[in-house]
Amino acid sequence: MIKYLASISLFPKYKTTIARNGKLACASALLSLCALQAQATTVQFQTSLGDFEVNLYDEHTPITVENFLAYVNAGSYTDSIIHRSVDNFIVQGGGYTWEQDENPARIETNPAILNEPVYSNVAGTIAMAKTGNNVNSATSQWFFNLKDNGANLDIQNGGFTVFGHTDAAGLAILESISDLPVYSFQNSFESMPLMDYTTDDANNQVPVEYEHAVKIYAITILDATVDTLGNETPVENERIDSYEPPSNSNGGSGGGSLTLLGLLGLTCLGLVRRKRTPR
(Lines give C-alpha, C1' and ligand atoms only; values in the text may rest on other atoms or scores of the structure.)
Protein backbone atom coordinates (compact mmCIF):
# COMPACT_ATOMS: atom_id res chain seq x y z
CA MET A 1 0.00 0.00 0.00
CA ILE A 2 1.47 3.35 -1.07
CA LYS A 3 0.72 6.58 0.69
CA TYR A 4 2.26 9.62 -0.91
CA LEU A 5 2.21 13.12 0.48
CA ALA A 6 1.99 15.29 -2.61
CA SER A 7 2.80 18.98 -2.62
CA ILE A 8 0.90 19.63 -5.83
CA SER A 9 -2.64 20.82 -6.32
CA LEU A 10 -5.04 17.90 -6.46
CA PHE A 11 -6.97 19.04 -9.50
CA PRO A 12 -5.98 20.61 -12.82
CA LYS A 13 -8.74 23.20 -12.43
CA TYR A 14 -9.00 24.94 -9.10
CA LYS A 15 -11.79 27.17 -7.93
CA THR A 16 -12.51 28.72 -4.55
CA THR A 17 -15.76 28.77 -2.66
CA ILE A 18 -16.87 29.44 0.88
CA ALA A 19 -17.98 26.46 2.94
CA ARG A 20 -21.39 26.48 4.52
CA ASN A 21 -21.44 24.63 7.83
CA GLY A 22 -24.54 22.53 8.34
CA LYS A 23 -26.55 23.33 11.45
CA LEU A 24 -28.31 20.79 13.62
CA ALA A 25 -32.02 21.04 12.99
CA CYS A 26 -35.11 19.18 14.06
CA ALA A 27 -35.19 15.90 12.20
CA SER A 28 -38.91 16.16 11.60
CA ALA A 29 -38.38 18.82 8.96
CA LEU A 30 -36.14 16.53 6.95
CA LEU A 31 -38.43 13.57 7.46
CA SER A 32 -41.37 15.52 6.07
CA LEU A 33 -39.38 16.20 2.91
CA CYS A 34 -38.76 12.49 2.53
CA ALA A 35 -42.32 11.40 3.30
CA LEU A 36 -43.34 11.53 -0.35
CA GLN A 37 -40.25 9.59 -1.44
CA ALA A 38 -39.94 5.81 -1.64
CA GLN A 39 -39.11 4.00 1.57
CA ALA A 40 -36.22 1.77 0.53
CA THR A 41 -34.59 -1.09 2.31
CA THR A 42 -32.26 -2.22 -0.48
CA VAL A 43 -30.15 0.11 -2.61
CA GLN A 44 -27.48 -0.56 -5.20
CA PHE A 45 -24.11 1.19 -5.30
CA GLN A 46 -22.86 1.37 -8.89
CA THR A 47 -19.11 1.98 -8.78
CA SER A 48 -16.14 1.97 -11.13
CA LEU A 49 -14.98 -1.29 -9.51
CA GLY A 50 -18.34 -3.06 -9.56
CA ASP A 51 -21.91 -2.91 -8.28
CA PHE A 52 -23.11 -4.10 -4.88
CA GLU A 53 -26.24 -3.98 -2.76
CA VAL A 54 -26.81 -2.48 0.67
CA ASN A 55 -29.70 -3.39 2.96
CA LEU A 56 -30.87 -0.41 5.03
CA TYR A 57 -32.18 -0.54 8.59
CA ASP A 58 -35.34 1.51 8.05
CA GLU A 59 -37.17 0.49 11.19
CA HIS A 60 -34.46 0.96 13.80
CA THR A 61 -32.49 3.90 12.34
CA PRO A 62 -35.34 5.77 10.60
CA ILE A 63 -33.87 9.28 10.82
CA THR A 64 -30.56 8.19 9.32
CA VAL A 65 -32.12 6.08 6.56
CA GLU A 66 -34.51 8.83 5.51
CA ASN A 67 -31.65 11.32 5.52
CA PHE A 68 -29.61 9.01 3.29
CA LEU A 69 -32.56 8.45 0.96
CA ALA A 70 -33.13 12.19 0.69
CA TYR A 71 -29.67 12.47 -0.88
CA VAL A 72 -30.29 9.38 -3.04
CA ASN A 73 -33.62 10.71 -4.33
CA ALA A 74 -32.08 14.12 -5.04
CA GLY A 75 -29.31 12.50 -7.11
CA SER A 76 -26.68 13.94 -4.78
CA TYR A 77 -24.54 10.80 -4.85
CA THR A 78 -24.65 10.45 -8.64
CA ASP A 79 -21.13 10.86 -10.09
CA SER A 80 -19.68 11.10 -6.59
CA ILE A 81 -16.28 9.75 -5.53
CA ILE A 82 -14.62 7.74 -2.80
CA HIS A 83 -12.42 10.40 -1.23
CA ARG A 84 -10.90 8.45 1.66
CA SER A 85 -9.66 4.90 2.13
CA VAL A 86 -7.83 3.49 5.15
CA ASP A 87 -6.58 -0.07 4.75
CA ASN A 88 -8.22 -2.59 7.08
CA PHE A 89 -10.43 0.15 8.51
CA ILE A 90 -12.89 2.13 6.35
CA VAL A 91 -13.79 3.35 2.85
CA GLN A 92 -15.55 6.72 2.79
CA GLY A 93 -17.67 8.69 0.32
CA GLY A 94 -20.71 10.92 0.11
CA GLY A 95 -18.81 14.19 0.27
CA TYR A 96 -17.90 15.14 -3.30
CA THR A 97 -19.04 14.70 -6.89
CA TRP A 98 -16.85 14.74 -9.98
CA GLU A 99 -18.32 14.76 -13.47
CA GLN A 100 -16.14 14.35 -16.55
CA ASP A 101 -14.75 17.60 -17.98
CA GLU A 102 -15.80 19.48 -14.83
CA ASN A 103 -14.24 20.42 -11.51
CA PRO A 104 -14.90 18.33 -8.40
CA ALA A 105 -17.78 19.71 -6.37
CA ARG A 106 -18.78 19.43 -2.77
CA ILE A 107 -22.19 17.88 -2.21
CA GLU A 108 -24.72 20.38 -0.92
CA THR A 109 -25.72 19.19 2.55
CA ASN A 110 -29.02 19.16 4.39
CA PRO A 111 -29.21 20.03 8.11
CA ALA A 112 -27.35 17.65 10.41
CA ILE A 113 -29.35 14.82 11.95
CA LEU A 114 -29.70 13.14 15.33
CA ASN A 115 -27.39 10.23 16.10
CA GLU A 116 -28.89 6.70 16.22
CA PRO A 117 -26.14 4.36 17.53
CA VAL A 118 -28.33 1.25 17.61
CA TYR A 119 -26.09 -1.22 15.77
CA SER A 120 -22.41 -2.13 15.93
CA ASN A 121 -19.75 -1.06 13.41
CA VAL A 122 -18.92 -4.59 12.26
CA ALA A 123 -17.44 -5.56 8.89
CA GLY A 124 -19.64 -4.76 5.90
CA THR A 125 -21.80 -2.17 7.63
CA ILE A 126 -22.36 1.38 6.39
CA ALA A 127 -22.32 4.23 8.93
CA MET A 128 -22.56 8.01 8.93
CA ALA A 129 -19.44 10.15 9.19
CA LYS A 130 -19.48 13.23 11.40
CA THR A 131 -17.25 15.90 12.90
CA GLY A 132 -15.23 15.37 16.05
CA ASN A 133 -16.69 16.49 19.36
CA ASN A 134 -20.20 16.65 17.90
CA VAL A 135 -22.46 13.63 18.32
CA ASN A 136 -25.27 14.98 16.14
CA SER A 137 -23.32 16.27 13.14
CA ALA A 138 -23.89 13.71 10.36
CA THR A 139 -25.01 15.13 7.00
CA SER A 140 -24.15 13.48 3.65
CA GLN A 141 -20.93 11.55 4.22
CA TRP A 142 -20.89 7.84 4.98
CA PHE A 143 -18.30 5.08 5.33
CA PHE A 144 -18.14 1.30 5.11
CA ASN A 145 -16.43 -0.71 7.83
CA LEU A 146 -13.88 -3.09 6.32
CA LYS A 147 -13.53 -5.00 9.58
CA ASP A 148 -15.11 -5.10 13.02
CA ASN A 149 -14.46 -1.57 14.27
CA GLY A 150 -17.02 -1.77 17.06
CA ALA A 151 -14.56 -1.54 19.95
CA ASN A 152 -13.66 1.97 18.78
CA LEU A 153 -16.50 3.35 16.69
CA ASP A 154 -19.43 2.11 18.76
CA ILE A 155 -18.59 4.58 21.52
CA GLN A 156 -16.30 7.21 19.94
CA ASN A 157 -18.05 10.57 19.62
CA GLY A 158 -21.27 9.08 20.93
CA GLY A 159 -21.06 6.14 18.55
CA PHE A 160 -21.17 6.22 14.74
CA THR A 161 -24.65 5.37 13.43
CA VAL A 162 -24.75 2.12 11.45
CA PHE A 163 -27.77 2.16 9.15
CA GLY A 164 -27.25 -0.77 6.78
CA HIS A 165 -24.96 -3.53 5.58
CA THR A 166 -23.68 -5.17 2.42
CA ASP A 167 -22.99 -8.83 1.74
CA ALA A 168 -19.76 -10.74 1.12
CA ALA A 169 -19.71 -9.76 -2.56
CA GLY A 170 -20.12 -6.08 -1.68
CA LEU A 171 -17.40 -6.28 0.96
CA ALA A 172 -15.06 -7.81 -1.64
CA ILE A 173 -15.60 -4.78 -3.91
CA LEU A 174 -14.97 -2.43 -1.00
CA GLU A 175 -11.77 -4.32 -0.18
CA SER A 176 -10.67 -3.95 -3.82
CA ILE A 177 -11.07 -0.19 -3.40
CA SER A 178 -9.06 -0.40 -0.20
CA ASP A 179 -6.31 -2.25 -2.08
CA LEU A 180 -5.72 0.76 -4.36
CA PRO A 181 -2.78 3.06 -3.57
CA VAL A 182 -3.77 6.15 -1.61
CA TYR A 183 -2.36 9.68 -1.77
CA SER A 184 -2.57 12.79 0.36
CA PHE A 185 -2.81 16.23 -1.23
CA GLN A 186 -2.69 19.82 -0.12
CA ASN A 187 -6.39 20.27 -0.83
CA SER A 188 -7.30 18.49 2.42
CA PHE A 189 -7.87 15.11 0.75
CA GLU A 190 -6.19 12.56 2.97
CA SER A 191 -5.76 8.94 1.94
CA MET A 192 -7.59 9.29 -1.38
CA PRO A 193 -7.58 6.05 -3.42
CA LEU A 194 -6.61 6.50 -7.07
CA MET A 195 -6.65 4.24 -10.12
CA ASP A 196 -3.88 4.23 -12.74
CA TYR A 197 -1.91 6.86 -10.84
CA THR A 198 1.60 6.13 -9.60
CA THR A 199 4.24 7.50 -7.29
CA ASP A 200 6.15 8.63 -10.37
CA ASP A 201 3.07 10.60 -11.44
CA ALA A 202 3.01 12.30 -8.07
CA ASN A 203 6.76 12.98 -8.16
CA ASN A 204 6.33 14.55 -11.60
CA GLN A 205 3.38 16.62 -10.35
CA VAL A 206 0.93 15.03 -12.76
CA PRO A 207 -2.54 16.44 -11.91
CA VAL A 208 -5.20 14.02 -10.77
CA GLU A 209 -7.84 13.72 -13.47
CA TYR A 210 -11.41 12.42 -13.55
CA GLU A 211 -10.39 8.94 -14.70
CA HIS A 212 -8.13 8.45 -11.66
CA ALA A 213 -10.90 8.75 -9.07
CA VAL A 214 -12.98 5.85 -7.76
CA LYS A 215 -16.48 6.79 -8.87
CA ILE A 216 -19.92 6.15 -7.47
CA TYR A 217 -21.85 6.42 -10.72
CA ALA A 218 -25.18 6.16 -8.94
CA ILE A 219 -26.99 4.81 -5.91
CA THR A 220 -30.38 3.41 -6.90
CA ILE A 221 -33.33 1.96 -5.02
CA LEU A 222 -33.89 -1.74 -5.76
CA ASP A 223 -36.47 -2.67 -3.13
CA ALA A 224 -38.92 -0.18 -1.65
CA THR A 225 -40.10 -2.52 1.09
CA VAL A 226 -39.50 -1.04 4.52
CA ASP A 227 -38.39 -4.32 6.11
CA THR A 228 -36.53 -6.89 4.02
CA LEU A 229 -34.15 -8.10 6.71
CA GLY A 230 -36.01 -11.40 7.01
CA ASN A 231 -34.12 -13.65 9.38
CA GLU A 232 -31.03 -11.46 9.41
CA THR A 233 -30.13 -10.07 12.82
CA PRO A 234 -27.81 -7.03 12.84
CA VAL A 235 -25.30 -6.88 15.69
CA GLU A 236 -26.55 -4.48 18.34
CA ASN A 237 -24.34 -1.78 19.79
CA GLU A 238 -24.14 -2.84 23.43
CA ARG A 239 -21.10 -0.69 24.17
CA ILE A 240 -23.03 2.56 23.85
CA ASP A 241 -24.77 1.86 27.17
CA SER A 242 -21.51 2.60 28.96
CA TYR A 243 -20.76 5.78 26.99
CA GLU A 244 -20.46 8.95 29.05
CA PRO A 245 -20.02 12.19 27.09
CA PRO A 246 -17.08 14.34 28.27
CA SER A 247 -18.23 17.24 30.40
CA ASN A 248 -16.31 19.78 28.29
CA SER A 249 -17.49 18.76 24.82
CA ASN A 250 -21.24 19.44 24.78
CA GLY A 251 -21.99 15.76 24.45
CA GLY A 252 -19.30 15.01 21.88
CA SER A 253 -16.29 12.80 22.06
CA GLY A 254 -12.59 13.12 21.41
CA GLY A 255 -11.49 12.94 17.80
CA GLY A 256 -9.26 9.89 17.93
CA SER A 257 -8.66 8.12 14.64
CA LEU A 258 -12.06 9.07 13.19
CA THR A 259 -11.99 12.85 13.59
CA LEU A 260 -11.22 13.42 9.91
CA LEU A 261 -14.17 11.32 8.80
CA GLY A 262 -16.30 14.40 9.10
CA LEU A 263 -13.75 17.19 8.98
CA LEU A 264 -12.76 16.41 5.40
CA GLY A 265 -16.18 17.51 4.29
CA LEU A 266 -15.78 20.90 5.98
CA THR A 267 -12.17 21.93 5.47
CA CYS A 268 -11.60 21.59 1.73
CA LEU A 269 -12.49 25.07 0.46
CA GLY A 270 -11.01 24.63 -2.99
CA LEU A 271 -13.97 22.85 -4.48
CA VAL A 272 -17.07 24.01 -6.27
CA ARG A 273 -20.28 23.42 -4.33
CA ARG A 274 -23.07 22.14 -6.54
CA LYS A 275 -26.63 21.39 -5.52
CA ARG A 276 -28.28 18.71 -7.64
CA THR A 277 -31.89 18.75 -8.66
CA PRO A 278 -34.04 15.65 -8.07
CA ARG A 279 -34.12 13.09 -10.87
Side-chain angles (χ1 to χ4, degrees), residues 9-22 30 33-34 37 40 43-52 54 67-85 90-113 126 128-131 138-144 173-174 177 180 182-197 207-221 260-279:
S9 174
L10 177 57
F11 308 114
K13 300 177 182 179
Y14 189 77
K15 295 183 180 180
T16 302
T17 188
I18 298 177
R20 176 179 62 82
N21 293 332
L30 179 58
L33 292 176
C34 300
Q37 303 291 349
V43 296
Q44 183 185 60
F45 281 64
Q46 300 170 5
T47 82
S48 50
L49 274 74
D51 302 343
F52 61 92
V54 173
N67 172 71
F68 177 77
L69 291 179
Y71 289 102
V72 170
N73 287 321
S76 300
Y77 297 135
T78 300
D79 298 319
S80 61
I81 60 174
I82 297 296
H83 65 268
R84 186 171 187 240
S85 172
I90 60 95
V91 167
Q92 184 179 346
Y96 308 94
T97 61
W98 195 348
E99 296 183 25
Q100 194 165 14
D101 300 324
E102 293 190 18
N103 289 304
R106 224 169 342 169
I107 290 174
E108 184 79 13
T109 59
N110 297 323
I113 60 173
I126 183 174
M128 294 303 296
K130 51 188 177 179
T131 57
T139 53
S140 68
Q141 294 194 35
W142 38 260
F143 63 91
F144 283 95
I173 291 174
L174 293 166
I177 295 174
L180 292 170
V182 297
Y183 299 82
S184 294
F185 298 91
Q186 287 182 334
N187 303 81
S188 299
F189 277 77
E190 178 176 290
S191 301
M192 183 176 181
L194 297 177
M195 303 182 296
D196 301 319
Y197 191 87
V208 176
E209 302 282 358
Y210 168 84
E211 60 268 17
H212 298 132
V214 179
K215 270 81 69 178
I216 304 291
Y217 297 120
I219 300 177
T220 61
I221 297 172
L260 284 175
L261 279 178
L263 291 182
L264 282 173
L266 300 177
T267 58
C268 186
L269 304 184
L271 298 178
V272 177
R273 179 182 290 276
R274 179 186 299 114
K275 185 173 183 178
R276 291 180 175 273
T277 57
R279 297 182 178 179

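- In summary, the aromatic rings of Tyr217 and Phe45 are positioned with their centroids too far apart to meet the 6.0 Å limit.
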Begin from the C-alpha positions of Ile173 and Thr47 and carry the test side chain to side chain contact (heavy atoms under 4.5 Å, CB included) through to its verdict. CA-CA 9 Å; Ile173 291 174; Thr47 82; 4.2 Å; yes

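- Counting heavy atoms from C-beta outward, Phe144 and Val54 have side chains that approach closer than 4.5 Å.
- Residues Ile221 and Asn73 are in side-chain contact: their nearest non-hydrogen atoms beyond the backbone lie under 4.5 Å apart.
- For the side chain to side chain contact (heavy atoms under 4.5 Å, CB included) test, residues two or more places apart in sequence or in another chain that qualify with Glu211 are Glu209.
- Separation of atoms CZ (Phe143) and CD1 (Ile82) is listed at 12.5 Å; rounding is to 0.5 Å.
- Taking 4.5 Å as the limit, every side-chain heavy atom of Ile81 sits out of range of all side-chain heavy atoms of Val214.
- Residues Leu194 and Leu180 form no side-chain contact, since every pair of their non-hydrogen atoms from C-beta on lies 4.5 Å or further apart.
- Looking at His83 and Glu190, their side chains never bring a donor and an acceptor atom within 3.5 Å of each other.
- Looking at Gln100 and Glu102, their side chains never bring a donor and an acceptor atom within 3.5 Å of each other.
- You'll find the side chain of Tyr96 stays beyond 4.5 Å of the side chain of Pro104, heavy atoms only.
- One N or O on the side chain of Tyr183 and one on the backbone of Tyr197 form a donor-acceptor pair closer than 3.5 Å.
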Test log, rule side chain to side chain contact (heavy atoms under 4.5 Å, CB included), inputs Ser48 and Met195: CA-CA 10 Å; Ser48 50; Met195 303 182 296; 3.8 Å; yes

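- Asn67 contributes a side-chain N or O that, together with a main-chain N or O of Thr139, makes up a donor-acceptor pair within less than 3.5 Å.
- Side-chain contact between Ile90 and Arg84: present, with at least one pair of heavy atoms (C-beta onward) separated by less than 4.5 Å.
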Quick one, Val43 with Phe68, criterion side chain to side chain contact (heavy atoms under 4.5 Å, CB included). Give me CA distance, side-chain angles, the key distance, then yes/no. CA-CA 11 Å; Val43 296; Phe68 177 77; 4.2 Å; yes

Run the side chain to side chain contact (heavy atoms under 4.5 Å, CB included) test on Trp98 and Asn103 for me, step by step, so that the C-alpha distance in whole Å, both residues' side-chain angles and the decisive distance to 0.1 Å come before the verdict. CA-CA 6 Å; Trp98 195 348; Asn103 289 304; over 6 Å; no

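- Counting only distance, with no hydrogens or angles, the side chain of Lys215 and the backbone of Ala213 share a donor-acceptor pair below 3.5 Å.
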